[in-house]
Amino acid sequence: DTEVTQTPKHLVMGMTNKKSLKCEQHMGHRAMYWYKQKAKKPPELMFVYSYEKLSINESVPSRFSPECPNSSLLNLHLHALQPEDSALYLCASSHRPRDRDYEQYFGPGTRLTVT
Amino acid sequence: AQSVTQLDSHVSVSEGTPVLLRCNYSSSYSPSLFWYVQHPNKGLQLLLKYTSAATLVKGINGFEAEFKKSETSFHLTKPSAHMSDAAEYFCVVSGRTGGFKTIFGAGTRLFVKA
């Protein structure tokens with residue numbers, strides 16, 4: 001199984017809502033990532049988890065809260081978002097943290113719209 | 001510090017003609033380099049990677065890339081474009097600096113004309 005799955009595929013939420021994005025992989029990867037991608041732009045790194053511990057937070061606003069309950073699962077909790085947070089949110093995983101030779105496997109993304 | 005520059009924001013080719021997508025990189029250490037493809041509203045898929053083994057790297061769907069250290073380049077090529085190749089392509093560098101983060105190029109949109 002070389003697949004990263006993400007749910008939901010689409011999400012529309014109001015600025016006062018609380019919602020969560022979910023990402024799952026069963027490849028035994030020990031590094032997991034959240035990216036934000038705006039239209040016609042490359043993905044921007046948000047968070048990196050290494051062996052289930054948060055190792056990189058790219059100065060992301062606190063209205064985004066990541067969680068890694070176990071080595072296969074990664075969540076992104078959303079609260080009080082702004083319309084400019086509307087984007088495609090991509091999850092990725094790689095075999096070993098801090099190893100430049102391993103490629104990242106990407107999920108299909110969650111298309112988030114904040115109204 | 002590391003950086004990656006994709007020299008063309010858009011490339012347009014006719015079906016059956018060669019494809020060349022250009023990428024230059026900068027890295028203080030010997031880098032790993034990757035090309036990913038993204039079709040509309042999809043995630044990214046790895047095309048190929050260079051990790052200090054053979055300098056000519058073959059990937060999926062007939063794509064290949066050559067690592068040229070003297071030119072700090074890692075250009076992506078394909079002998080004959082197919083309509084299904086129309087997509088966004090990202091060149092990515094990964095190395096020791098920045099906590100092993102991957103650095104994405106700005107992307108090149110490939111258009112394929114019938």
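We name chains A, B, ... by the order of the sequence lines, and we start the count at 1 in each one.
- B:Val57 and B:Leu21 end up in the same hydrophobic cluster when Ile, Leu, Val, Met, Phe, Trp and Tyr side chains are linked at under 4.5 Å.
- Under a hydrophobic clustering in which Ile, Leu, Val, Met, Phe, Trp and Tyr are joined whenever their side-chain heavy atoms come within less than 4.5 Å, directly or via other members, B:Phe67 and B:Tyr89 fall into the same cluster.
- Here A:Gln37 is the residue among A:Gln37, A:Arg111, A:Lys40 with the most heavy-atom pairs under 4.5 Å with chain B.
- With rounding to the nearest 0.5 Å, the separation of CG in B:Leu46 from OH in A:Tyr105 is 7.5 Å.
- In terms of heavy-atom proximity, A:Pro42 sits nearest to B:Gly105 at CB-O, 3.3 Å.
- In this structure, B:Asn41 places its CG atom where only 12 or fewer heavy-atom neighbours from other residues, nucleotides or ligands lie under 6.0 Å away.
- Connection of A:Val48 to A:Val60 is not established within any shared hydrophobic cluster, with ILVMFWY side chains joined at heavy-atom distances below 4.5 Å, either directly or through further cluster members.
- Within the 4.5 angstrom heavy-atom criterion, atoms from both the backbone and the side chain of B:Leu44 approach chain A.
- Other residues, nucleotides and ligands place more than 12 heavy atoms under 6.0 Å from the NZ atom of A:Lys38.
- For A:Gln6, no part lies near chain B; criterion is any non-hydrogen pair under 4.5 Å.
- Using a 4.5 Å cut-off between heavy atoms, B:Gln38 touches chain A through its side chain atoms alone.
- At a 4.5 Å heavy-atom cutoff, the contact between B:Lys42 and chain A is made by backbone atoms alone.
- Here the side chains of A:Gln104 and B:Phe34 are not in contact, with every heavy-atom distance at 4.5 Å or above.
- A distance of 12.5 Å separates OH in A:Tyr102 from OG in B:Ser94, rounded to the nearest 0.5 Å.
- When hydrophobic clusters are built by joining Ile, Leu, Val, Met, Phe, Trp and Tyr residues whose side-chain heavy atoms come closer than 4.5 Å, directly or via intermediates, A:Phe64 is grouped together with A:Tyr49.
- Under the 4.5 Å side-chain heavy-atom criterion for grouping Ile, Leu, Val, Met, Phe, Trp and Tyr, A:Tyr33 is connected to A:Phe106 within one hydrophobic cluster.
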